[in-house]
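Start at 1 with the first residue, then count along the sequence.
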Amino acid sequence: MDALDLARWQFGITTVYHFIFVPLTIGLSPLVAIMQTIWYRTGNERWLRLTKFFGKLLLINFAIGVATGIVQEFQFGMAWSEYSRFVGDVFGAPLAMEALAAFFVESTFLGLWIFGWDKLPKKIHLACIWAVAIATNLSAYFILAANSWMQHPVGITYNFETGRAEMNDIGAVLTNPTVLAAFPHTITAALLTAGTFVAGIAAWWMVKKVRSGDAATARDVYRPAVILGLVAMLVGGAGVAISGDAQAKLMFDQQPAKMAAAEGLCESVDGASFSILAIGDLTNDCAGVKHLIEIPGLTSFLATGDFDSRVRGVDELQDYYAQWIRDWEEANGVAPTFDDDTRFYPNLAITYWSFRLMIGFGVGSAALSLAALWLLRKKGAVTDKPWFGTLGIAAIATPFLASSFGWIFTEMGRQPWVVAPNPNSSGVDGVWLLTARGVSVVTSPTTIWISLIGFTLLYGVLAVLWYRLMHRYAVEGVAASEKDPSPEARAAAGGDGSDDDSTLSFAY
């Protein structure tokens with residue numbers, strides 16, 4: 001592989017890996033804040049125990065997320081220096097705001113929250129975790145603003161002398177319609193992820209306690225956590241669906257090739273159906289694709305709100321983009337930036353399946369919340385069914401997978417652009433950059449191979465550490481979150497007080 005392919009693999013691996021931790025931190029921080037708020041207002045000690053229990057898991061996830069996120073910023077300068085030269089005047093601003101404003105507040109107040117349990121007044125200590133939750137979500141906004149600019153360039157002018165995009169309106173960058181649609185989608189997806197995480201672990205513990213004869217703890221401690229998690233799942237799932245519909249319509253206007261690729265649509269058609277399954281040759285020559293189990297008109301509805309509207313296929317869009325860019329370059333005296341072999345639509349197979357897997361895992365997670373709420377609908381209801389606890393743990397993976405596939409769809413669907421053109425919308429004309437032109441020209445394949453292997457191995461080690469730590473403290477239960485627990489308390493949590501507790505399995 002050449003430097004371009006290796007740089008793309010490296011950034012893809014590190015980004016998707018980092019994004020595993022991001023939704024949980026974004027969603028879990030306000031849930032922990034809610035738990036502590038309930039304890040503050042009611043004085044009920046079970047909510048204090050739950051706050052400390054899930055707060056500890058939040059801290060582990062936060063630490064790993066920070067460690068894995070730093071690497072990406074270095075890659076901009078090392079592996080993607082041409083991209084950094086082109087967008088640095090714009091891209092650096094929201095990233096700096098994220099670091100100086102959001103992350104600074106987040107990390108500062110998280111430290112105060114960790115060490116201030118016995119040193120700060122309860123109200124101030126509670127305010128600290130809410131500051132963390134707000135700053136975490138604000139941090140997500142700034143990052144999404146930077147990414148949304150790559151999807152839809154606004155607030156800039158193109159300098160023909162330097163060949164760079166130069167920002168002239170930070171307000172336009174921060175109020176980009178793309179980020180206004182992406183932010184609620186990301187936040188609600190994070191809430192769905194964190195809700196599933198809380199509900200899954202608490203459900204496993206609820207079943208475990210009932211089966212061990214301690215139904216009181218199951219009812220008084222773990223059931224409220226299950227209900228809180230399920231409600232978060234339901235709210236998050238509804239938010240994802242509503243915001244996702246808005247995003248799809250915006251995507252149709254800003255990146256029509258992504259919408260066509262998401263359906264594997266080769267030919268333009270009125271009243272485009274949504275296929276549950278496609279077979280044939282989903283390669284970039286778009287030949288022999290057959291759609292099976294179709295929902296009539298749904299793709300057109302997702303794109304425009306009209307079941308009969310026209311959706312352009314990738315064949316038409318290929319010619320359209322090539323002609324549009326060629327005309328602009330000739331009119332402005334710009335040297336051609338592409339050749340006759342350049343494809344102006346993404347890999348169909350990856351875009352098609354990542355879109356469906358994103359939807360499938362997200363809908364599956366939200367559906368589980370409805371089923372669980374129905375099962376626990378009676379006041380004080382608990383269950384000793386082993387399948388309920390096992391399903392709760394298994395369900396934790398579904399929103400993580402949905403978020404990862406959603407991120408893959410967003411980024412792979414933008415290809416072959418690292419900064420996408422917007423000929424049909426309110427974006428700035430003449431600002432685009434092919435991914436192939438963004439890679440560093442002085443970085444050798446050998447150098448990227450070394451860093452790629454190094455990062456992959458390091459991230460593999462961090463993944464093992466993350467799992468072992470999360471597993472260890474999750475299986476200790478809420479009693480282990482209190483100060484200096486007695487051996488009896490540790491035994492009640494499912495262990496005997498020895499180090500062997502960390503080897504307990506979630507499975508029955």
Side-chain angles (χ1 to χ4, degrees), residues 22-38 46-47 50-51 53-54 57-58 61 130 133-134 136-137 140 181-207 218-219 221-248 302 356-383 385 387-406 474:
V22 170
L24 183 57
T25 298
I26 293 173
L28 189 55
S29 54
L31 290 185
V32 171
I34 290 172
M35 293 176 190
Q36 186 168 344
T37 301
I38 297 174
R46 71 186 177 200
W47 288 104
L50 288 169
T51 299
F53 174 53
F54 284 105
L57 300 179
L58 169 65
N61 193 77
W130 276 111
I134 294 171
T136 299
N137 285 265
F183 180 69
H185 191 65
T186 302
I187 297 306
T188 51
L191 184 62
L192 176 63
T193 302
T196 308
F197 181 81
V198 170
I201 293 176
W204 181 84
W205 265 108
M206 181 177 67
V207 173
R219 182 178 299 106
V221 177
Y222 291 108
R223 185 181 185 277
V226 174
I227 298 300
L228 175 63
L230 293 175
V231 171
M233 291 172 66
L234 196 60
V235 173
V240 166
I242 295 171
S243 59
D245 179 68
Q247 268 199 308
L302 291 174
R356 277 147 186 78
L357 290 169
M358 172 191 69
I359 295 174
F361 282 117
V363 170
S365 182
L368 286 174
S369 68
L370 288 173
L373 281 170
W374 176 257
L375 181 65
L376 301 177
R377 65 189 183 279
K378 295 181 179 180
K379 184 177 180 180
V382 293
T383 179
K385 304 297 184 183
W387 62 265
F388 186 79
T390 302
L391 182 61
I393 294 300
I396 291 175
T398 57
F400 284 96
L401 291 170
S403 295
S404 295
F405 282 117

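No side-chain heavy atom of F400 sits under 4.5 Å from any side-chain heavy atom of T196. Under the 4.5 Å side-chain criterion, counting only non-hydrogen atoms from C-beta, I201 is in contact with L57. Here the side chains of P224 and W47 are in contact, with some heavy-atom distance below 4.5 Å.
In this structure T136 satisfies the side-chain hydrogen bond (donor to acceptor under 3.5 Å, both in side chains) test together with E106, sequence neighbours excluded. For F405, there are no ring pair (Phe, Tyr, Trp, His ring centres under 6.0 Å) partners at least two apart in sequence or on another chain.
Taking both residues in full, the closest heavy atoms of R219 and R223 are given as O-CB, 3.5 Å, listed atom of the first, atom of the second, then distance. Nearest heavy atoms, S365 versus L192: OG-CD1, 3.6 Å. Nearest approach of Q36 to T51, heavy atoms of both residues: N-OG1, 3.2 Å. Of all heavy-atom pairs spanning S403 and T193, the tightest one is OG-OG1, 3.8 Å. The shortest non-hydrogen separation linking A232 to G195 is CB-CA, 3.9 Å.
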Distance-only donor-acceptor hits, side chain of residues 27-34, under 3.5 Å, sequence neighbours excluded:
from, atom 1, to, atom 2, distance (Å)
S29, OG, T25, O, 3.0
S29, OG, I26, O, 3.3

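Here the CD1-CG distance, from I396 to L391, works out to 10.5 Å after rounding to the nearest 0.5 Å. Here the OH-CD1 distance, from Y222 to I227, works out to 15.5 Å after rounding to the nearest 0.5 Å. Distance CD1/I38 to CG/L228: 6.0 Å, rounded to 0.5 Å. The structure places OG of S404 at 12.0 Å from CE of M358, a figure rounded to the nearest 0.5 Å. Summarising the geometry, atom CD1 belonging to I393 is positioned 8.5 Å from atom CZ belonging to F197; distances are rounded to the nearest 0.5 Å. Here the CD1-CD distance, from I242 to Q247, works out to 13.5 Å after rounding to the nearest 0.5 Å.
With hydrogens and angles disregarded, no donor-acceptor distance shorter than 3.5 Å links the side chain of D245 to the backbone of A241.
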Exercise for the section: Under the side-chain contact (heavy atoms from CB on, under 4.5 Å) rule, what do L357 and L401 come out as? Steps first, then yes or no, please. Expected result: CA-CA 8 Å; L357 290 169; L401 291 170; over 6 Å; no
